[in-house]
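Below is one structure, written out as structure tokens; the observations come after it.
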Amino acid sequence: MSLIDIGIAAINRAGSLTHSLTILEASKPANDTGILDVIEVWFSLSASGVKVGTFYGSGTSYTGRDYETIGSVASGAKRTFTGLSIDVTTGDLIGVYYSGGRLEIDTSGGSSLMYSSGDAFGSTKTYSSGSFPISLYGTGATSAATISPSAIAPTLAFGTAKLNQNIVPSGISAGLIFGTVNLNLNILPSGIASTLGIGAPIISFGGFSIAPSGIASTLVFGIAKLNQNILPSGIASGITFGKPELSIIVSGVIRPSGIPSGVVFGTPILSAAGLHIPPQSRYVVELHNPITQGWRIPSSHNDSSSAWEGETKAYDGSIATGQAYTLTTNAKLELIPASPLYTSKIRIYGGGNNNGTLYFPNIVIDVYYSGAWHNVYTGGIQYDAWVEKSLASPQTIEKARVSCTDTLSASYPIKNFYVTEFWFYAAPTGGELLSILENAHAISIEQSLNKAPVISFSLPADDDKSALLTRANEIWIRDIANNTVLVSGILDERVDTR
């Protein structure tokens, strides 16, 4: 099996999109065929009635292939849903519908399709084009292969002699009579008599019972020999297509007791329990400094023009406790973090009030670093909604300031600008590699729906690097086949089993 991915990263983006639309992400179609079991999505406003699935078609006409109903999704962070089962085919697009909430989007830099009249899952609709990437991503795996050698008809009858995964071994008649003494799924290995008696020496693993022709029952454990019709892993890739092969899928990583750690990856090893491969084949365990990031609330303010009221309400951490406001055009309110902060973006929740009618105000946001003020944004914002603006590059800032360029007034009709909350985003820092636990083995990752994954592994008790296994460091599991980090976490429990 291989990894399938579809859509683009579920991240915090510059804008958001309203509900009751079916939206397809066309920037990155599916790279393979199989089942999606993990969906990632980011909503800026908590969503309800969420459905996620796959669509096929071309141009602006697409049909829903399959979907899962997720239901309610909380806002403010990437949400991951596992244990799903959504059919996907190479070239499919991923799509989403939600009856309430707002989805994170960018206003440029991608490709999407949008249907404007509600839930389009299970039907064929015409879509309009868009240029906004949406925060929707899915992964899964291809299905087990169905392979037939060349010259075998796709209408192969039920019961025809074949190997597991529909591989017909060369030299076996398609007319093999049901009930003939044979291997699993009607496989008669060449060179083994049909009168083979019960109790003859066999090797059993992976659901197959294979009689090794000419191999003595006293064969020493550890000698790599299979029936001459089965190709163990590690045999040259130049083997002719169509020859019968055995495919072994090892889930997880196992170091069997009694097998030396220096065994070369790919060398076939047999045991009573089956085929074993040393753990160096796939995953490594790394220890890193923890990564820190997230939203930070200012700790103080400066109202140099004394033109604002209720300044502390702009950073009390709640949008329900009131607002700081001003009736003066271009009056600047400075918001100050507890200490200089490495920042990549800011967010503001505010608006304008014209004699009791809310409106979208025009504002200016600046940040102070390297001894000078730098503009982050000048323009309009939506009232009573979180609006995020990114710096051109992360900077260590000392403070920020916000003002309104509209004509405000303290006399009738009264017109003011208000700020309900103003926050800084601490850009990611840390993550430095401390050590690689090369002696880690029996690595496993347990994932359950709507729960954080649980990592477990074993390490020799006398390993010097075990001293670094503390809650102060993060544990990363890396897939060395594609150099990606599968999961990370903090130590929860360590047990000495000596």
Side-chain angles (χ1 to χ4, degrees), residues 1-10 13 15-45 47-73 79-146 154-155 449:
M1 294 189 292
S2 59
L3 178 68
I4 299 173
D5 68 341
I6 182 173
I8 58 176
R13 301 184 182 275
S16 63
L17 188 63
T18 189
H19 55 80
S20 300
L21 305 172
T22 298
I23 311 141
L24 310 188
E25 173 51 59
S27 301
K28 188 175 182 183
N31 65 325
D32 214 329
T33 297
I35 301 294
L36 299 179
D37 59 356
V38 178
I39 293 295
E40 298 175 356
V41 64
W42 190 312
F43 284 95
S44 62
L45 184 65
S48 58
V50 180
K51 293 181 179 180
V52 178
T54 52
F55 292 76
Y56 64 92
S58 62
T60 58
S61 178
Y62 282 83
T63 302
R65 182 183 301 281
D66 193 16
Y67 71 92
E68 288 264 18
T69 298
I70 295 175
S72 298
V73 180
R79 307 301 179 189
T80 302
F81 299 90
T82 61
L84 307 177
S85 179
I86 303 174
D87 293 339
V88 63
T89 298
T90 302
D92 280 2
L93 305 183
I94 192 169
V96 63
Y97 168 80
Y98 45 101
S99 58
R102 298 185 71 90
L103 181 67
E104 289 285 348
I105 67 167
D106 284 330
T107 56
S108 62
S111 178
S112 62
L113 299 169
M114 178 180 65
Y115 182 65
S116 62
S117 62
D119 184 351
F121 284 96
S123 58
T124 300
K125 300 292 183 181
T126 298
Y127 293 76
S128 59
S129 298
S131 60
F132 43 86
I134 64 175
S135 290
L136 181 62
Y137 179 68
T139 59
T142 56
S143 303
T146 299
T155 57
L449 189 64

Could I get the full list of ring pair (Phe, Tyr, Trp, His ring centres under 6.0 Å) partners for Phe43, not counting sequence neighbours? Tyr98
Please enumerate all residues that pass side-chain hydrogen bond (donor to acceptor under 3.5 Å, both in side chains) together with Glu104, with sequence neighbours excluded. none
Any Val52 side-chain heavy atom under 4.5 Å of Val41 side chain: no
Are the side chains of Ile94 and Ile86 in contact, using a 4.5 Å heavy-atom criterion? no
Compile the donor-acceptor pairs under 3.5 Å between side chains in residues 54-64 and protein atoms, sequence neighbours left out, one pair per line.
residue, atom, partner, partner atom, Å
Thr54, OG1, Asp87, O, 2.7
Thr63, OG1, Thr124, OG1, 2.5

If only side-chain N and O atoms count, and only distance matters, is there a donor-acceptor pair under 3.5 Å linking Thr33 with Thr90? yes
Got a sec, which residues hit side-chain hydrogen bond (donor to acceptor under 3.5 Å, both in side chains) with Lys51, two or more places apart in sequence or on another chain? Asp119
Let me confirm one number: the CD1-CG distance from Ile105 to Leu17, rounded to the nearest 0.5 Å. 5.0 Å
Show the nearest heavy-atom pair for residues Gly91 and Pro29, with the distance to one decimal. O-CB, 3.7 Å
Using 0.5 Å steps for rounding, measure from the CD1 atom of Ile8 to the CZ atom of Arg13. 4.0 Å
Under a 4.5 Å cut-off applied to non-hydrogen side-chain atoms, are Leu136 and Ile6 in contact? no
Whether the side chain of Glu25 engages the backbone of Ile134 through a donor-acceptor N/O pair (distance < 3.5 Å, no angle test) should be reported. yes
Contact check, side chains of Asp32 and Ser2, non-hydrogen atoms, under 4.5 Å: yes
Taking only residues two or more places apart in sequence, or in another chain, which ones meet Asp5 in a side-chain hydrogen bond (donor to acceptor under 3.5 Å, both in side chains)? Lys28, Tyr137
Any side-chain to backbone donor/acceptor pair from Thr22 onto Gly118? Under 3.5 Å, distance only. yes
Glu40 side-chain N/O to Ala9 backbone N/O, donor-acceptor pair under 3.5 Å: no
Is there side-chain contact between Ile39 and Thr80, with heavy atoms separated by less than 4.5 Å? no
Nearest heavy-atom pair of Leu21 and Tyr97: which atoms, and what distance? O-CD1, 3.3 Å
Is there a donor-acceptor contact under 3.5 Å from the side chain of Ser48 to the main chain of Ser99? no
What is the minimum heavy-atom distance between Ser85 and Glu68, and which atoms define it? N-OE2, 3.0 Å
Rounded to the nearest 0.5 Å, how far does CG of Asp106 lie from OG of Ser135? 7.0 Å
Any heavy-atom pair between the side chains of Arg65 and Thr89 that's under 4.5 Å? yes
Can you find a pair of side-chain heavy atoms, one from Val96 and one from Val50, that are under 4.5 Å apart? yes
Kindly write out the residues that satisfy side-chain hydrogen bond (donor to acceptor under 3.5 Å, both in side chains) with Thr18, not counting sequence neighbours, or none if the list is empty. none
Working to the nearest 0.5 Å, report the span between CZ of Phe132 and OG of Ser16. 11.5 Å
